[in-house]
Amino acid sequence: MKKIICSLAMAVLNMTVVVRPAAAELQFGNPELLLRFQDAAGGFGLLEMTNKRDGGSFVSQNPAHAALWLVRLSRAGRVDDQTASFYTDTGVLVTERVNPLAGMVSIDSNAPARRSFRRYHREDGAAVLELIWDDIAVDGEKSALKAVASFETGPAGGSVLGRLRVEVKSRKYALESSAFPHIGPMSEAGTYHLLLPRLTYGGQFFRNNKQDFSLLYPSIIAQESCMAMLRPDAGGIYWAFHDAGAAAKGITVGAALSATVEAAAANSGVTGRSRTIDYCWEISPIRDEWGAAELYLNRAQHQPWLQKGLLRDRTDLPEHYRDIELWVNISGSPAEMKAAYDRVREEVGDARVAVHWYNWNIYPFDTNYPEYFPALEGSEKVIREITANGDFVVPYINGHCWDPQLPSYRTEGIRAAVKKRSGEIALEKYGPVNLLAPVCPTSPEFLRRIQETCRKLVAMGVNGIYLDQIGQLSPMSCFDATHGHELGNGDYWTGGYRSMLGKIMEEHAGKIFLATENAAEPYIDTISSFLVWTEITGDDFPLLPQIYNRYAFYYGALSFPEDSMQSFAAAQKRCLLWGYQPGWMGWLHGQAPDKRSPGHAEKIAYLNQVIALRREIKACLLDGALVHDVKILSENPAVRIKWFRMNGEEHDEPVLSGAVWRNEKRDGAVVVLANLDTHERIGSIEIDPQLYGLKVMPSVYRQLRGNLHGALNKNGKSVIEVPVPALGFALLELSAK
């Protein structure tokens with residue numbers, strides 16, 4: 001594994017470091033970023049973050065209560081009666097209390113302490129600031145706690161990297177959690193824009209934010225771990241939290257820009273063994289919300305989940321995997337599945353299809369996990385017919401649960417299951433009656449069962465396997481001491497899955513790919529296709545494809561039969577603008593004529609248009625980068641969009657929108673424009689090659705599938721008028737002569 005780039009090693013060679021008490025406010029940063037901290041009396045609370053390059057400053061609204069970190073301690077054990085589970089020699093599951101029940105203590109950076117700081121330059125030139133809190137007393141123990149918050153200038157650009165170290169010296173107390181940063185409020189509600197890493201596209205952008213948010217990383221509500229705060233008409237501040245182990249973290253952001261990132265401790269509540277989760281907090285100036293992805297990818301490239309490299313360079317994936325153009329969601333018997341598939345082939349021409357197949361075995365959905373066989377009679381024949389046609393068959397299995405009704409649950413499942421702090425098994429309810437037991441991914445019993453299932457499916461001829469829930473759910477806290485992992489939080493959850501799935505991919509290299517529900521980032525080296533099916537909103541922002549389009553595929557962007565054609569187009573245009581693989585709408589593709597919803601043919605035609613245009617700019621979508629939206633100068637009225645998802649979503653959306661995909665060499669780009677209007681519109685757009693990060697200033701543009709030609713202004717921005725057909729698209733290619 002490569003050394004993580006945000007490592008904050010404090011070793012200093014041939015250098016004298018002076019440690020002294022703090023007597024005044026401290027400043028730290030670089031020519032592009034300023035961080036200002038309280039003095040010693042103020043506990044070194046964070047007072048200011050300023051983007052010195054682009055503007056945008058955030059200042060503490062209440063300096064007297066500014067803080068930087070917070071830790072929670074429990075007295076010799078967890079507050080909720082933590083126990084550990086183990087098996088006797090006769091195989092009986094028993095539990096023992098690790099420590100007696102006790103209260104919780106919270107301590108932040110304002111706690112009485114002997115405070116000091118030190119500054120120095122490392123041998124590699126990085127400037128370092130250490131803020132030190134020593135001799136923190138807890139319940140009569142005079143030196144029970146020590147904390148060090150360290151900051152260093154980053155390896156490039158204007159970034160600063162921070163880390164918190166906490167040492168618990170107490171004989172009575174243990175760590176429950178640590179929060180770093182723990183700040184705010186630093187802005188009045190409604191005075192800043194907020195980018196968060198949540199939901200279907202990996203991001204949501206809230207203008208003039210007045211909302212409070214609670215996120216949990218890694219999961220569907222925080223699929224990456226970066227965010228940005230921006231001033232209207234100015235730059236702002238970018239944050240990211242880099243952790244090679246991808247341990248669970250809670251992220252809360254208040255409307256007035258108070259912010260806390262809190263991680264439960266590993267071995268929390270266990271005196272003498274608890275520890276903080278080690279992660280790096282990156283702070284950087286940012287020009288606008290579109291700059292976040294490139295900053296984040298610069299660090300993510302050093303994380304373990306990207307060490308297999310680009311999709312195009314991987315040899316463990318099936319032939320033509322990168323050519324999938326449409327996903328179809330089919331449930332039913334082999335005969336029903338094949339009939340639906342045949343109708344799909346008639347609807348989409350020569351598009352390469354992936355069939356996501358549910359209920360292929362004899363058991364009802366959400367029962368009998370992880371035992372799936374026998375398959376329904378005729379399954380293998382249908383699978384081999386479809387794969388021989390060059391398409392993919394991707395059957396459903398569950399990657400999270402064990403059915404307590406199975407005999408194997410009593411002999412293996414109980415041992416493998418996640419245990420609560422009380423020692424009880426954390427049963428989950430699915431549907432009105434089904435109770436399933438979530439499984440700890442470190443379990444060898446579960447690995448063996450999943451491996452056996454995958455071997456049988458591969459023997460039947462499948463070329464993909466879907467393992468449900470892995471990317472959707474946040475890591476659970478497991479307290480079974482017999483599993484051999486740290487109790488509570490840690491890297492064992494994501495590490496356990498990556499180890500399990502890595503063994504499956506290694507065994508079947510080149511034969512299958514793996515898919516899962518939603519798109520948490522730590523699994524990309526083992527799971528390369530992610531179904532993103534949750535609600536879509538008018539605040540969505542494409543962080544996932546911006547960061548990871550060359551490393552993973554995302555498919556979904558769902559619509560419902562009740563959506564109008566304009567609303568359908570507003571969702572599905574994102575598959576072209578933002579690079580998602582379309583489909584997975586069981587109500588649309590493959591339906592028998594008597595079951596088709598109104599507008600069926602029109603919606604199929606729209607998606608076929610998306611598929612054809614994706615093929616046209618395939619090189620950029622696969623190997624280039626999504627870099628920015630398009631500035632539209634012409635009249636651009638809004639249309640009311642209603643999506644029939646979850647509780648429904650309504651918003652006003654401009655009829656014209658666009659995105660820019662830079663090519664791999666950075667010497668050209670494709671501009672994609674979409675029109676939601678029911679008649680053609682002329683889009684007057686501003687082309688800014690510098691904003692798109694092009695190494696060479698383009699001198700020519702051409703409209704693909706058209707005859708619009710013209711010269712770009714080599715000195716900077718240009719304005720181009722582009723006709724965009726009704727409920728359609730226009731593609732512009734920017735290139736050098």
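Both backbone and side-chain heavy atoms feed into the values below; hydrogens, waters and symmetry mates do not.
The nearest pair of heavy atoms linking Arg171 to Glu141 is N-OE2, 3.0 Å. In plain terms, the two heavy atoms of Leu306 and Ala300 that are nearest each other are CD1-O, 3.4 Å. The two residues Ser187 and Thr191 make their nearest non-hydrogen contact at OG-OG1, 2.6 Å. Taking both residues in full, the closest heavy atoms of Gly269 and Ala174 are given as C-CB, 3.6 Å, listed atom of the first, atom of the second, then distance. Taking all atoms of both residues into account, the shortest heavy-atom contact from Phe28 to Leu129 is CD1-CB, 3.7 Å. In terms of heavy-atom proximity, Asn549 sits nearest to Gly624 at ND2-O, 3.2 Å.
Side-chain atoms of Arg53 and Ser284 include no donor-acceptor pair closer than 3.5 Å. Inspection of the Thr252 and Ser214 side chains reveals no N or O donor paired with an N or O acceptor under 3.5 Å. Counted by atom type alone, Tyr492 and Glu486 present zero donor-acceptor pairs between their side chains at under 3.5 Å. Side-chain contact of Glu48 with Ser60: a donor-acceptor pair under 3.5 Å is absent, judged by distance alone. Side-chain contact check for Arg36 and Gln27: no donor-acceptor pair (N or O, by modelled atom type) lies under 3.5 Å. For the residue pair Ser150 / Glu130, no side-chain donor-acceptor distance below 3.5 Å is found, with atom types taken as modelled.
In this structure, Arg231 satisfies the cation-pi test against Phe58, with its NZ or CZ atom closer than 6.0 Å to the six-membered ring centre and inside 45 degrees of the ring normal.
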Notebook entry, point to check: Going through the checks in order, is the side-chain contact (heavy atoms from CB on, under 4.5 Å) test met by Thr537 and Gln204?
Noted result: CA-CA 8 Å; Thr537 76; Gln204 285 189 294; 2.9 Å; yes
Yes or no on side-chain contact (heavy atoms from CB on, under 4.5 Å) for Val59 and Met186, after CA distance, side-chain angles and deciding distance?
CA-CA 5 Å; Val59 179; Met186 301 194 78; 5.6 Å; no
- Message: Pair Gln38, Phe44 - check side-chain contact (heavy atoms from CB on, under 4.5 Å), show working.
- Response: CA-CA 4 Å; Gln38 265 283 26; Phe44 299 132; 5.5 Å; no
TODO: Report the C-alpha distance between Tyr296 and Ser225 in whole Å, list the side-chain angles of each, state the deciding distance to 0.1 Å, and finish with yes or no for side-chain hydrogen bond (donor to acceptor under 3.5 Å, both in side chains).
DONE: CA-CA 9 Å; Tyr296 193 73; Ser225 56; 3.1 Å; yes
ring-ring contact (aromatic ring centres under 6.0 Å, His included) for Tyr554 and Tyr548? Distances and angles first, verdict last.
CA-CA 9 Å; Tyr554 305 100; Tyr548 290 127; 7.3 Å; no
Working note: Leu216 + Ile251, criterion side-chain contact (heavy atoms from CB on, under 4.5 Å); need CA distance, chi angles, decisive distance, verdict.
CA-CA 6 Å; Leu216 192 55; Ile251 303 171; over 6 Å; no
One pair to check against salt bridge (charged side-chain N to carboxylate O under 4.0 Å, His left out): Asp525 and Arg498. What are the steps and the verdict?
CA-CA 8 Å; Asp525 58 335; Arg498 292 179 64 250; 2.5 Å; yes
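Using a 4.0 Å cut-off between charged nitrogen and carboxylate oxygen, Lys249 and Glu262 do not count as a salt-bridge pair. Ion pairing between a basic and an acidic side chain is recognised when a charged N comes within 4.0 Å of a carboxylate O; Glu32 and Lys52 show no such pairing. Using a 4.0 Å cut-off between charged nitrogen and carboxylate oxygen, Asp135 and Arg114 count as a salt-bridge pair. A salt bridge is absent between Asp539 and Arg207; no separation between the charged side-chain nitrogens and carboxylate oxygens falls under 4.0 Å. Using a cut-off of 4.0 Å between Lys/Arg side-chain N and Asp/Glu carboxylate O, Asp134 and Lys169 are scored as salt-bridged. A salt bridge is defined here as a Lys NZ or Arg NE, NH1 or NH2 lying under 4.0 Å from an Asp or Glu carboxylate O, and Asp667 with Lys665 fails to meet this definition. Electrostatic pairing of Glu167 and Lys146 does not count as a salt bridge here, judged by no charged N lying under 4.0 Å from a carboxylate O. With respect to Asp688 and Lys631, no salt bridge is recorded, no charged nitrogen being found less than 4.0 Å from a carboxylate O.
With sequence neighbours excluded, the residues satisfying side-chain hydrogen bond (donor to acceptor under 3.5 Å, both in side chains) with Glu649 are His651. Tyr692 meets the ring-ring contact (aromatic ring centres under 6.0 Å, His included) test with no other residue; sequence neighbours excluded.
When each of Asn51, Thr50, Leu34 is paired with Ser57, the side-chain contact (heavy atoms from CB on, under 4.5 Å) condition holds for Thr50 and for no other.
For Glu188, the CD atom is loosely surrounded, since the number of other residues' heavy atoms within 6.0 Å does not exceed 12. The number of heavy atoms from other shown groups lying within 6.0 Å of CG (Asp233) does not exceed 12.
Close placement of the Tyr580 and Tyr201 rings is indicated, their centers lying within 6.0 Å of each other. Ring centroid separation for the pair His193 and Phe205 comes in under the 6.0 Å cut-off. Checked against a 6.0 Å centroid threshold, the rings of Trp290 and His628 count as neighbours. With ring centers used as reference points, Phe213 lies under 6.0 Å from Phe206. If you look at Trp305 and Tyr551, their ring centroids are not closer than 6.0 Å.
In this structure, Tyr192 contributes its side chain and Ala255 its backbone to a donor-acceptor pair below 3.5 Å. Formation of a donor-acceptor pair under 3.5 Å by the Lys172 side chain with backbone atoms of Ala144 is not found in this model. Not one N or O on the side chain of Asn663 forms a donor-acceptor pair closer than 3.5 Å with the backbone of Cys620. Using modelled atom types, one side-chain atom of Thr153 and one backbone atom of Ala127 make a donor-acceptor pair closer than 3.5 Å.
Ring orientation note: the planes of Trp281 and Phe151 are nearly perpendicular, at an angle over 60° on the 30°/60° scale.
When side chains are defined from C-beta on, Leu215 counts as touching Arg198, because their heavy atoms get closer than 4.5 Å. Here the side chains of Leu195 and Met227 are not in contact, with every heavy-atom distance at 4.5 Å or above. Between Asn30 and Val160 the shortest side-chain heavy-atom distance falls below 4.5 Å. Counting only heavy atoms from C-beta outward, the side chains of Leu626 and Val660 never approach each other to under 4.5 Å. Residues Trp493 and Pro441 form a side-chain contact, since some pair of their non-hydrogen atoms from C-beta on lies under 4.5 Å apart. Annotation: side chain of Pro181 is not in contact with side chain of Leu46 (no heavy-atom distance under 4.5 Å). Looking only at side-chain heavy atoms (C-beta outward), Glu224 and Phe241 stay at 4.5 Å or farther from each other. In this structure the side chain of Val71 never reaches within 4.5 angstrom of the side chain of Phe180, judged on heavy atoms.
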